[in-house]
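What follows is a single structure, written as structure tokens, with notes after it.
Atoms within a ligand are numbered from 1 in the order they appear, just like the ligands themselves. The model shown is predicted, which means the values in this text are computed figures rather than measured ones.
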Amino acid sequence: MINKISSVPGCADPFDPASISLTEALDKIGQRVRPVLACERLPIRDCLGRVNNEAVKSPHDVPPLPNSAMDGYAIAVASLERDAITELDDIGTAYAGAPFDGSCGPGQCVRIMTGALIPQGTDAVIMQEQVEQGAPGKIRVDAEHRVGENIRQAGEDVQQGDTVIEAGARLSPADLGVLASLGLGQLQVKRKPVVAFFSTGDELVSVGEPLEPGKIYDSNRYSLHGMLSGMAVDIVDLGVVRDDLDSMREVLTRASTKADLIISTGGVSVGEADFIKPALEELGTTEFWKIAIKPGRPLTFGQIDASIFMGLPGNPVAVMVTFSQFVVPAIHALAGANPQPPALFRARALDKMRKKPGRYEFQRGIASMDENNEWQVARTGQQGSGILTSMSRANCFIVLPDDNTGVEPGDQVSIQFFDWSR
Ligand code: AMP
Ligand code: MG
């Protein structure tokens, strides 16, 4: 007699043979996503976080001419007597922006300020702290100085023709400074990808509406909005979509006319109210993935016309995990940015963590420095995929790879700091 119901592998089963690995999922995303082609030329201040279109080569040396790295005296090292104190005539001053326009001869020196051009006839700058005042108009220096001392050479930062910013680089504040140092006021960058998103679920109400029994507030649209706001994308919030086929069809059609990437949350499992799958099958091409990660196992990936579609799970923590692992790289690829693998750090675990092999797990952690300046990490309490405060209290994911079989306090683990701005 059969007295047991055999289950198809569910979310809790890590050994589901139909699951694909995190790396496979990333490969598939990489193969499918095509970068936006259009570009725009913008003032460099507006280029922060944007993707550079063509390698920028320097039109000249930076600095353009040798200048002083210190306040002091420009001298010719050949003027210094060996193993003795030399007295030099102070013949003038070189200021940053107002060069000394004479030439400095043997036995002479020029008072010089940081950033001032190195006067003709000199080859070293002696810091003013290493100089004694001699008779009026004279200084005294010892012999301990070498050619090139305290001089910033022409081209020491950038040489003419050097590539200073690669194609596909995301522009950082330092890049904007480098562009300005080259005298470049504008740059050609890729256009921003347009990202549309919506939540699905009949149980969802938006903030500001009363909460009736059986309803919950929609949090995913807010965490998604927060994560997207840190990225150089144009955001379209399509609201909450009811669990029925018509609404799903309608929102997907509308989204595909305006977005490069459409993100939904919820409705991707095998529940009776999960309509993402049938709607997508009608409108585009789809792949339904069970990914061997926790949380965030079910994920839908597909395309409607030219738009990429990513259907994230409904559970709020799973949304943030799948966003960080799959949506971020997809947005980079769409934006035409060079891949940026996540930065992982080693940290000493403070807590015991149970873990089954065969899947990646992303626990939420609080990392801090210990007394030896090494990273240590504690878990943020309960780790259920609906416990969103486990994310808000955390500053990192504790990344436990496929083969990890559990963690004891004191073990080394990998951590990935939250960074929603890349
Ligand atoms: P689903 O994948 O639609 O079955 O959703 C899985 C779980 O996540 C359910 O408990 C939902 O109520 C919850 N959930 C789905 N969408 C949201 C949302 N936008 N905000 C908060 N919880 C959600
Ligand atoms: Mg649902």
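Scanning the protein for heavy atoms near atom 10 (O) of ligand 1, the closest one is Asn315 OD1, 4.3 Å. Of the protein's non-hydrogen atoms, Ser219 OG, 3.4 Å is the one closest to atom 21 (C) of ligand 1. Looking from atom 19 (N) of ligand 1 to the surrounding protein, the closest heavy atom is Asp218 OD1, 2.7 Å. The protein heavy atom nearest to atom 12 (O) of ligand 1 is Glu203 OE2, 2.6 Å. The single protein non-hydrogen atom nearest to atom 4 (O) of ligand 1 is Ser269 OG, 3.7 Å, given as residue, atom name and distance. For atom 18 (C) of ligand 1, the closest non-hydrogen atom on the protein side is Asn220 ND2, 3.1 Å.
Put simply, the side chain of Gln383 gets close to the backbone of Gly381: a donor and an acceptor are under 3.5 Å apart.
Phe288 meets the ring pair (Phe, Tyr, Trp, His ring centres under 6.0 Å) test with no other residue; sequence neighbours excluded.
Among the atoms of Gly267, some N or O lies under 3.5 angstrom from an N or O of ligand 1.
For residues 384-417, every residue pair satisfying the ring pair (Phe, Tyr, Trp, His ring centres under 6.0 Å) rule, not counting sequence neighbours, is listed here: Phe345-Phe417, Phe362-Phe397, Trp375-Phe417, Phe397-Phe418.
Closest heavy-atom contact between Gln153 and Pro66: OE1-CB, 4.2 Å.
Counting heavy atoms under 4.0 Å from ligand 1, residue Arg221 does not touch it at all. Neither the backbone nor the side chain of Val240 has any atom closer than 4.0 Å to an atom of ligand 1 (non-hydrogen atoms only).
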